[in-house]
Amino acid sequence: QKGAFSHFMLKEIHEQVESVVNTMRGRINFDDRRVVLGGLRSQLANIRRSRRLIFIACGTSYHSCVATRALFAELTELPVSVELASTFLDEQMPVFRDDCCLYVSQSGETKDTLLALQYCKERGALCLGVTNTVGSTISRETHCGVHINAGPEISVASTKAYTSQFIALTMIALQLSDDNYAKLPRRNEVIDGLFNLSNDIKKTLALEPQLKTLSKEEFGTDKSANLILIGRGFQTATVLEGALKIKEVSYIHAEGINAGELKHGPLALIDEKMPIIMVMPKDRHYSDSENALKQITARYGKPVVICNDDDDSSNFSGLKTIRVPRTVDALQAIINVVPLQILSYFMATDRSFDPDSPRNLAKSVTTA
Ligand code: UD1
Ligand code: F6R
(Lines give C-alpha, C1' and ligand atoms only; values in the text may rest on other atoms or scores of the structure.)
(Ligands and ions follow the chains in the order given, each with its own letter.)
Protein backbone atom coordinates (compact mmCIF):
# COMPACT_ATOMS: atom_id res chain seq x y z
CA GLN A 1 0.00 0.00 0.00
CA LYS A 2 2.99 2.28 -0.30
CA GLY A 3 1.98 3.11 -3.86
CA ALA A 4 4.63 5.14 -5.66
CA PHE A 5 6.56 5.78 -2.44
CA SER A 6 9.50 3.72 -1.25
CA HIS A 7 8.51 4.07 2.41
CA PHE A 8 5.38 4.71 4.44
CA MET A 9 7.12 7.65 6.09
CA LEU A 10 7.46 9.52 2.79
CA LYS A 11 3.93 8.54 1.78
CA GLU A 12 2.53 9.86 5.05
CA ILE A 13 4.53 13.10 4.75
CA HIS A 14 2.90 13.62 1.33
CA GLU A 15 -0.53 12.63 2.61
CA GLN A 16 -0.53 15.74 4.78
CA VAL A 17 -2.02 17.69 1.86
CA GLU A 18 -5.19 15.61 2.39
CA SER A 19 -4.97 14.62 6.06
CA VAL A 20 -5.07 18.22 7.27
CA VAL A 21 -8.27 18.69 5.26
CA ASN A 22 -9.74 15.48 6.71
CA THR A 23 -9.07 16.72 10.24
CA MET A 24 -11.11 19.87 9.51
CA ARG A 25 -13.82 18.22 7.37
CA GLY A 26 -17.37 18.78 8.70
CA ARG A 27 -15.96 20.78 11.61
CA ILE A 28 -15.04 24.16 10.15
CA ASN A 29 -17.43 26.09 7.97
CA PHE A 30 -15.11 28.44 6.11
CA ASP A 31 -17.97 30.55 4.74
CA ASP A 32 -19.22 31.78 8.09
CA ARG A 33 -15.96 30.92 9.90
CA ARG A 34 -17.65 28.67 12.46
CA VAL A 35 -16.04 25.73 14.21
CA VAL A 36 -18.24 22.91 15.56
CA LEU A 37 -16.61 19.90 17.16
CA GLY A 38 -19.35 17.30 17.65
CA GLY A 39 -17.24 15.41 20.17
CA LEU A 40 -17.08 18.33 22.60
CA ARG A 41 -20.69 19.50 22.37
CA SER A 42 -21.91 17.88 25.59
CA GLN A 43 -19.04 19.22 27.73
CA LEU A 44 -18.39 22.64 26.22
CA ALA A 45 -19.76 24.61 29.19
CA ASN A 46 -17.83 22.47 31.68
CA ILE A 47 -14.58 22.87 29.77
CA ARG A 48 -15.04 26.65 29.67
CA ARG A 49 -15.66 26.66 33.43
CA SER A 50 -12.40 24.81 34.22
CA ARG A 51 -9.85 26.66 36.25
CA ARG A 52 -6.95 25.44 34.11
CA LEU A 53 -6.13 23.15 31.22
CA ILE A 54 -3.43 20.51 31.45
CA PHE A 55 -2.15 18.89 28.23
CA ILE A 56 -0.59 15.48 28.77
CA ALA A 57 1.23 13.42 26.12
CA CYS A 58 4.50 11.74 25.08
CA GLY A 59 6.96 12.22 22.22
CA THR A 60 5.67 13.83 19.06
CA SER A 61 2.19 14.16 20.56
CA TYR A 62 3.73 16.17 23.39
CA HIS A 63 5.30 18.48 20.80
CA SER A 64 1.88 19.17 19.26
CA CYS A 65 0.83 20.39 22.73
CA VAL A 66 3.93 22.59 23.05
CA ALA A 67 3.20 23.97 19.57
CA THR A 68 -0.38 25.02 20.33
CA ARG A 69 -0.20 26.05 23.97
CA ALA A 70 0.36 29.77 23.29
CA LEU A 71 -2.62 30.13 20.94
CA PHE A 72 -4.75 28.03 23.29
CA ALA A 73 -3.97 30.32 26.23
CA GLU A 74 -4.41 33.43 24.06
CA LEU A 75 -7.85 32.41 22.79
CA THR A 76 -9.29 30.74 25.91
CA GLU A 77 -7.64 33.04 28.46
CA LEU A 78 -7.18 30.01 30.67
CA PRO A 79 -3.88 28.94 32.17
CA VAL A 80 -2.54 26.05 30.11
CA SER A 81 0.25 23.72 31.18
CA VAL A 82 1.87 21.06 29.04
CA GLU A 83 3.21 17.93 30.72
CA LEU A 84 5.09 14.86 29.62
CA ALA A 85 2.98 11.95 30.85
CA SER A 86 5.97 10.27 32.51
CA THR A 87 7.05 13.42 34.39
CA PHE A 88 3.47 14.14 35.38
CA LEU A 89 3.26 10.72 37.01
CA ASP A 90 6.75 10.86 38.52
CA GLU A 91 5.90 14.12 40.23
CA GLN A 92 2.36 13.08 41.22
CA MET A 93 1.18 16.55 40.27
CA PRO A 94 -1.83 17.94 42.11
CA VAL A 95 -5.05 17.66 40.09
CA PHE A 96 -8.49 18.92 41.11
CA ARG A 97 -12.14 18.43 40.16
CA ASP A 98 -12.26 21.72 38.28
CA ASP A 99 -9.23 20.90 36.12
CA CYS A 100 -9.63 19.90 32.50
CA CYS A 101 -6.98 17.46 31.24
CA LEU A 102 -6.35 16.81 27.53
CA TYR A 103 -4.68 13.59 26.44
CA VAL A 104 -3.08 13.70 23.01
CA SER A 105 -2.15 10.35 21.48
CA GLN A 106 -1.99 9.03 17.94
CA SER A 107 -2.40 5.40 18.96
CA GLY A 108 -4.63 6.04 21.96
CA GLU A 109 -2.76 3.22 23.71
CA THR A 110 0.43 4.80 25.10
CA LYS A 111 0.88 3.40 28.59
CA ASP A 112 2.21 6.51 30.36
CA THR A 113 -0.54 8.66 28.87
CA LEU A 114 -3.14 6.09 29.93
CA LEU A 115 -1.76 5.95 33.47
CA ALA A 116 -1.95 9.76 33.66
CA LEU A 117 -5.56 9.58 32.45
CA GLN A 118 -6.41 7.08 35.15
CA TYR A 119 -4.69 9.29 37.77
CA CYS A 120 -6.70 12.40 36.77
CA LYS A 121 -10.00 10.54 36.50
CA GLU A 122 -9.55 9.27 40.04
CA ARG A 123 -9.19 12.92 41.15
CA GLY A 124 -12.40 13.95 39.42
CA ALA A 125 -10.92 16.05 36.57
CA LEU A 126 -12.72 16.40 33.26
CA CYS A 127 -10.73 14.33 30.74
CA LEU A 128 -10.62 15.01 26.99
CA GLY A 129 -8.96 12.86 24.34
CA VAL A 130 -7.36 13.93 21.07
CA THR A 131 -6.74 10.62 19.35
CA ASN A 132 -6.30 9.22 15.88
CA THR A 133 -7.57 5.74 16.63
CA VAL A 134 -11.33 5.32 16.98
CA GLY A 135 -12.08 2.72 19.64
CA SER A 136 -8.64 3.03 21.27
CA THR A 137 -8.40 2.92 25.06
CA ILE A 138 -7.84 6.70 25.40
CA SER A 139 -10.72 7.41 23.05
CA ARG A 140 -13.00 5.17 25.13
CA GLU A 141 -11.79 6.14 28.59
CA THR A 142 -11.93 9.94 28.18
CA HIS A 143 -15.18 11.79 28.96
CA CYS A 144 -15.24 13.30 25.49
CA GLY A 145 -12.82 14.29 22.78
CA VAL A 146 -11.90 14.79 19.16
CA HIS A 147 -10.71 12.19 16.66
CA ILE A 148 -8.06 13.75 14.46
CA ASN A 149 -9.11 11.64 11.44
CA ALA A 150 -5.59 11.63 9.91
CA GLY A 151 -6.04 8.05 8.66
CA PRO A 152 -3.85 5.11 9.72
CA GLU A 153 -0.23 6.00 10.39
CA ILE A 154 2.02 3.03 9.64
CA SER A 155 5.53 4.51 9.86
CA VAL A 156 6.92 4.44 13.39
CA ALA A 157 8.00 8.06 12.96
CA SER A 158 4.90 10.19 13.37
CA THR A 159 4.37 12.86 10.72
CA LYS A 160 0.79 13.35 9.55
CA ALA A 161 -0.56 12.67 13.05
CA TYR A 162 1.53 15.59 14.35
CA THR A 163 0.09 18.12 11.92
CA SER A 164 -3.45 16.82 12.48
CA GLN A 165 -3.06 16.93 16.26
CA PHE A 166 -1.88 20.52 15.86
CA ILE A 167 -5.01 21.36 13.88
CA ALA A 168 -7.35 19.49 16.23
CA LEU A 169 -5.93 21.37 19.24
CA THR A 170 -6.21 24.65 17.33
CA MET A 171 -9.85 23.86 16.49
CA ILE A 172 -10.58 23.12 20.15
CA ALA A 173 -9.15 26.53 21.12
CA LEU A 174 -11.24 28.17 18.37
CA GLN A 175 -14.39 26.38 19.53
CA LEU A 176 -13.84 27.24 23.20
CA SER A 177 -13.34 30.94 22.41
CA ASP A 178 -16.29 31.40 20.05
CA ASP A 179 -18.27 33.15 22.78
CA ASN A 180 -15.57 35.81 23.19
CA TYR A 181 -16.29 38.68 20.81
CA ALA A 182 -12.97 40.38 21.49
CA LYS A 183 -11.17 37.38 20.02
CA LEU A 184 -13.08 37.47 16.75
CA PRO A 185 -10.39 39.11 14.56
CA ARG A 186 -7.74 36.69 15.79
CA ARG A 187 -10.08 33.70 15.36
CA ASN A 188 -10.93 34.78 11.82
CA GLU A 189 -7.26 35.18 10.95
CA VAL A 190 -6.48 31.67 12.18
CA ILE A 191 -9.50 30.14 10.40
CA ASP A 192 -8.45 31.80 7.13
CA GLY A 193 -4.97 30.40 7.65
CA LEU A 194 -6.43 26.92 8.14
CA PHE A 195 -8.34 27.32 4.87
CA ASN A 196 -5.07 27.83 2.94
CA LEU A 197 -3.05 25.25 4.85
CA SER A 198 -3.37 22.32 2.46
CA ASN A 199 -2.17 24.47 -0.41
CA ASP A 200 0.73 25.81 1.67
CA ILE A 201 1.76 22.24 2.52
CA LYS A 202 1.59 21.28 -1.16
CA LYS A 203 3.97 24.15 -2.02
CA THR A 204 6.31 23.08 0.79
CA LEU A 205 6.37 19.48 -0.43
CA ALA A 206 7.62 20.78 -3.77
CA LEU A 207 10.91 21.58 -1.98
CA GLU A 208 11.67 17.85 -1.79
CA PRO A 209 14.38 17.79 -4.52
CA GLN A 210 16.18 20.71 -2.85
CA LEU A 211 15.95 18.97 0.53
CA LYS A 212 17.31 15.74 -0.92
CA THR A 213 20.40 17.60 -2.14
CA LEU A 214 20.74 19.53 1.13
CA SER A 215 20.61 16.30 3.10
CA LYS A 216 23.69 15.04 1.22
CA GLU A 217 25.60 18.31 1.01
CA GLU A 218 25.02 19.72 4.48
CA PHE A 219 24.11 16.74 6.64
CA GLY A 220 25.86 13.89 4.81
CA THR A 221 27.74 10.99 6.34
CA ASP A 222 31.03 12.91 6.16
CA LYS A 223 29.69 15.65 8.45
CA SER A 224 29.60 15.75 12.25
CA ALA A 225 27.45 13.19 14.05
CA ASN A 226 25.61 16.04 15.73
CA LEU A 227 23.05 18.57 14.59
CA ILE A 228 21.43 21.42 16.43
CA LEU A 229 18.14 23.05 15.53
CA ILE A 230 17.38 26.53 16.83
CA GLY A 231 14.10 28.44 16.95
CA ARG A 232 11.92 30.35 19.39
CA GLY A 233 8.33 31.29 20.15
CA PHE A 234 5.97 29.27 17.96
CA GLN A 235 8.99 27.49 16.47
CA THR A 236 10.26 26.03 19.75
CA ALA A 237 8.03 23.01 19.12
CA THR A 238 9.25 22.81 15.51
CA VAL A 239 12.89 22.44 16.54
CA LEU A 240 12.05 19.90 19.24
CA GLU A 241 9.96 17.85 16.81
CA GLY A 242 12.52 18.21 13.99
CA ALA A 243 15.28 16.98 16.32
CA LEU A 244 13.17 14.03 17.44
CA LYS A 245 12.44 13.00 13.83
CA ILE A 246 16.13 13.26 12.90
CA LYS A 247 17.44 11.24 15.84
CA GLU A 248 14.69 8.66 15.53
CA VAL A 249 15.23 7.72 11.88
CA SER A 250 18.81 8.79 11.06
CA TYR A 251 20.39 8.00 14.48
CA ILE A 252 22.19 11.35 14.45
CA HIS A 253 22.37 13.13 17.75
CA ALA A 254 20.10 16.10 17.14
CA GLU A 255 19.02 18.70 19.68
CA GLY A 256 16.27 21.29 19.46
CA ILE A 257 17.23 24.50 21.25
CA ASN A 258 15.08 27.49 22.12
CA ALA A 259 16.95 30.50 20.72
CA GLY A 260 16.23 32.36 23.95
CA GLU A 261 18.42 29.85 25.77
CA LEU A 262 21.36 30.09 23.38
CA LYS A 263 23.48 32.38 25.52
CA HIS A 264 22.74 30.36 28.63
CA GLY A 265 24.95 27.49 27.50
CA PRO A 266 24.39 26.07 24.01
CA LEU A 267 26.36 28.89 22.33
CA ALA A 268 29.48 27.04 23.52
CA LEU A 269 28.68 24.32 20.96
CA ILE A 270 28.86 26.67 17.98
CA ASP A 271 31.87 26.60 15.68
CA GLU A 272 32.48 26.28 11.94
CA LYS A 273 32.03 22.50 12.06
CA MET A 274 28.73 22.18 13.96
CA PRO A 275 25.79 21.52 11.58
CA ILE A 276 22.94 23.89 12.45
CA ILE A 277 19.40 24.43 11.24
CA MET A 278 17.75 27.66 12.21
CA VAL A 279 13.99 28.26 11.94
CA MET A 280 13.08 31.94 11.69
CA PRO A 281 9.80 32.92 10.04
CA LYS A 282 8.67 36.54 9.87
CA ASP A 283 6.73 36.71 13.12
CA ARG A 284 6.97 38.78 16.27
CA HIS A 285 10.12 36.92 17.35
CA TYR A 286 11.98 37.76 14.15
CA SER A 287 14.26 40.45 15.55
CA ASP A 288 15.24 38.18 18.45
CA SER A 289 16.04 35.47 15.90
CA GLU A 290 18.13 37.96 13.92
CA ASN A 291 20.18 38.56 17.07
CA ALA A 292 20.59 34.82 17.62
CA LEU A 293 21.69 34.42 13.99
CA LYS A 294 24.33 37.13 14.47
CA GLN A 295 25.62 35.38 17.58
CA ILE A 296 25.94 32.16 15.59
CA THR A 297 27.60 33.60 12.48
CA ALA A 298 30.01 35.63 14.67
CA ARG A 299 31.25 32.24 15.90
CA TYR A 300 31.62 30.97 12.33
CA GLY A 301 28.43 28.90 12.48
CA LYS A 302 26.82 28.51 9.04
CA PRO A 303 23.23 27.49 9.67
CA VAL A 304 20.81 26.31 7.02
CA VAL A 305 17.84 28.63 7.57
CA ILE A 306 14.15 27.80 7.24
CA CYS A 307 12.54 31.18 6.48
CA ASN A 308 9.56 32.63 4.65
CA ASP A 309 9.58 32.82 0.87
CA ASP A 310 8.78 36.55 1.07
CA ASP A 311 11.73 37.31 3.34
CA ASP A 312 13.94 39.56 1.21
CA SER A 313 16.25 40.67 4.02
CA SER A 314 20.01 40.41 3.68
CA ASN A 315 20.26 38.28 6.82
CA PHE A 316 21.01 35.08 4.96
CA SER A 317 23.82 36.09 2.60
CA GLY A 318 26.30 33.24 2.32
CA LEU A 319 23.82 30.83 3.94
CA LYS A 320 21.58 28.18 2.43
CA THR A 321 17.88 28.79 2.90
CA ILE A 322 14.75 26.66 2.76
CA ARG A 323 11.98 29.06 1.79
CA VAL A 324 8.46 28.14 2.84
CA PRO A 325 5.10 29.86 2.31
CA ARG A 326 4.05 32.33 4.96
CA THR A 327 0.92 31.74 7.01
CA VAL A 328 -0.51 33.02 10.31
CA ASP A 329 2.14 33.02 13.07
CA ALA A 330 0.25 30.42 15.12
CA LEU A 331 0.06 28.00 12.16
CA GLN A 332 3.51 28.59 10.66
CA ALA A 333 4.96 25.69 12.66
CA ILE A 334 2.76 23.28 10.68
CA ILE A 335 4.44 24.42 7.47
CA ASN A 336 7.92 24.64 8.98
CA VAL A 337 7.96 21.08 10.30
CA VAL A 338 7.41 19.63 6.82
CA PRO A 339 10.95 20.32 5.46
CA LEU A 340 12.35 18.83 8.67
CA GLN A 341 10.26 15.68 8.21
CA ILE A 342 11.55 15.38 4.63
CA LEU A 343 15.16 16.09 5.64
CA SER A 344 15.03 13.44 8.37
CA TYR A 345 13.69 10.96 5.81
CA PHE A 346 16.60 11.58 3.41
CA MET A 347 19.14 11.63 6.23
CA ALA A 348 17.95 8.10 7.08
CA THR A 349 17.82 6.74 3.54
CA ASP A 350 21.22 8.33 2.68
CA ARG A 351 22.60 6.16 5.49
CA SER A 352 20.69 3.08 4.25
CA PHE A 353 18.45 3.02 7.33
CA ASP A 354 14.80 2.01 7.05
CA PRO A 355 12.87 5.07 8.29
CA ASP A 356 9.67 3.07 8.70
CA SER A 357 11.15 0.80 11.36
CA PRO A 358 13.82 2.58 13.39
CA ARG A 359 15.89 0.33 15.64
CA ASN A 360 14.74 -0.12 19.25
CA LEU A 361 11.36 1.57 18.69
CA ALA A 362 7.75 0.38 18.50
CA LYS A 363 4.81 2.22 16.95
CA SER A 364 2.72 1.91 20.05
CA VAL A 365 4.44 2.12 23.45
CA THR A 366 2.24 -0.04 25.66
CA THR A 367 4.68 -0.43 28.54
CA ALA A 368 5.46 2.22 31.14
C1 UD1 B 1 -18.84 11.83 14.51
C2 UD1 B 1 -18.52 10.46 13.85
C3 UD1 B 1 -18.25 10.67 12.38
C4 UD1 B 1 -19.45 11.37 11.73
C5 UD1 B 1 -19.80 12.65 12.47
C6 UD1 B 1 -21.10 13.20 11.90
C7 UD1 B 1 -17.37 8.61 14.99
C8 UD1 B 1 -16.11 8.08 15.57
N9 UD1 B 1 -17.37 9.86 14.49
O10 UD1 B 1 -17.70 12.67 14.35
O11 UD1 B 1 -18.00 9.41 11.76
O12 UD1 B 1 -19.15 11.69 10.37
O13 UD1 B 1 -19.97 12.39 13.85
O14 UD1 B 1 -21.66 14.13 12.69
O15 UD1 B 1 -18.37 7.93 14.97
N16 UD1 B 1 -14.26 10.91 21.84
C17 UD1 B 1 -13.75 10.69 23.11
N18 UD1 B 1 -12.38 10.67 23.25
C19 UD1 B 1 -11.52 10.85 22.21
C20 UD1 B 1 -12.05 11.08 20.93
C21 UD1 B 1 -13.43 11.13 20.78
O22 UD1 B 1 -14.49 10.50 24.07
O23 UD1 B 1 -10.30 10.78 22.42
C24 UD1 B 1 -15.74 10.87 21.67
C25 UD1 B 1 -16.35 12.22 21.35
O26 UD1 B 1 -16.67 12.96 22.49
C27 UD1 B 1 -17.59 11.80 20.56
C28 UD1 B 1 -17.14 10.53 19.85
O29 UD1 B 1 -16.01 10.06 20.55
O30 UD1 B 1 -18.62 11.46 21.46
C31 UD1 B 1 -16.79 10.77 18.39
O32 UD1 B 1 -15.79 11.78 18.32
P33 UD1 B 1 -15.44 12.48 16.92
O34 UD1 B 1 -15.21 11.43 15.90
O35 UD1 B 1 -14.38 13.47 17.12
O36 UD1 B 1 -16.85 13.21 16.68
P37 UD1 B 1 -17.43 13.90 15.36
O38 UD1 B 1 -16.43 14.76 14.69
O39 UD1 B 1 -18.73 14.51 15.78
C1 F6R C 1 7.88 9.86 17.27
C2 F6R C 1 6.76 9.10 17.78
C3 F6R C 1 6.61 8.95 19.26
C4 F6R C 1 5.13 9.02 19.66
C5 F6R C 1 4.96 8.71 21.16
C6 F6R C 1 3.52 8.89 21.61
O7 F6R C 1 7.85 9.95 15.88
O8 F6R C 1 5.97 8.58 17.04
O9 F6R C 1 7.36 9.92 19.95
O10 F6R C 1 4.64 10.31 19.37
O11 F6R C 1 5.38 7.40 21.41
O12 F6R C 1 2.67 8.03 20.89
P13 F6R C 1 1.12 8.26 20.82
O14 F6R C 1 0.89 9.53 20.08
O15 F6R C 1 0.59 7.06 20.09
O16 F6R C 1 0.65 8.34 22.24
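Counting convention: from 1, in listed order, for ligands and their atoms alike. The figures that follow rest on heavy atoms only: side chains count, while hydrogens, waters and symmetry mates do not.
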Can you report which non-hydrogen protein atom sits closest to atom 5 (C) of ligand 2, along with the distance?
Cys58 O, 3.8 Å
Would you say ligand 2 has an N or O under 3.5 Å from any N or O of Gly108?
no
Decide whether an N or O pair under 3.5 Å exists between His143 and ligand 1.
no
If you have a sec, work out which protein heavy atom is nearest atom 14 (O) of ligand 2 and how many Å separate them, to one decimal?
Ser61 OG, 2.5 Å
Among non-hydrogen protein atoms, atom 11 (O) of ligand 2 lies closest to Val365 CG2, 3.9 Å
Tell me which protein heavy atom sits closest to atom 10 (O) of ligand 2, plus the residue, atom name and distance to 0.1 Å.
Thr60 N, 3.1 Å
Is the shortest N/O to N/O distance between Thr113 and ligand 2 below 3.5 Å?
no
Going by the angle between their ring planes, with limits at 30° and 60°, are His14 and Phe5 parallel, tilted or perpendicular?
tilted
Going by the order shown, which atoms of ligand 2 are within less than 4.0 Å of some heavy atom of Ser105?
13 (P), 14 (O), 15 (O), 16 (O)
Under 4.0 Å from a heavy atom of Val156: which atoms of ligand 2 are those, numbered in the order shown and with their elements?
7 (O), 8 (O)
Pairing of Lys183 and Glu77 as salt bridge, 4.0 angstrom limit:
yes
Taking Asp178 first and then Arg48, would you say they form a salt bridge - that is, a charged N and a carboxylate O separated by under 4.0 Å?
yes
At less than 4.0 angstrom from any non-hydrogen atom of Gly129, what atoms of ligand 1 do you find?
19 (C), 23 (O)
With a cut-off of 4.0 Å, which atoms of ligand 1 are near a heavy atom of Gly38?
39 (O)
Consider every N or O of Gln165 and every N or O of ligand 2, then say whether any pair is closer than 3.5 Å.
no
Would a 4.0 Å cut-off, counted as strictly less than, catch a protein heavy atom around atom 11 (O) of ligand 1?
no
Subset of ligand 1 atoms that lie under 4.0 Å from at least one heavy atom of Gly39
25 (C), 26 (O), 27 (C), 36 (O), 39 (O)
Which of the numbered atoms in ligand 2 are below 4.0 angstrom from a heavy atom of Ser158?
7 (O), 8 (O)
Nearest to atom 12 (O) of ligand 2 by heavy atom, Thr110, Val249, Val104: which?
Thr110
For Lys245, the ligand 2 atoms with a heavy-atom partner under 4.0 Å come out as 1 (C), 7 (O)
Where the closest heavy atom to atom 7 (O) of ligand 2 is concerned, which of Glu248, His63, Glu109 has it?
Glu248
In this structure, CD of Gln16 is separated from CD1 of Ile334 (nearest 0.5 Å) by 9.5 Å
Do other residues, nucleotides or ligands put more than 12 heavy atoms under 6.0 Å from Glu272 CD?
yes
Proximity flag Arg27 to ligand 1, non-hydrogen atoms under 4.0 Å:
yes
I'd like to check whether Ser107 has a polar contact with ligand 2, where a contact means an N/O of the residue lying under 3.5 Å from an N/O of the ligand.
yes
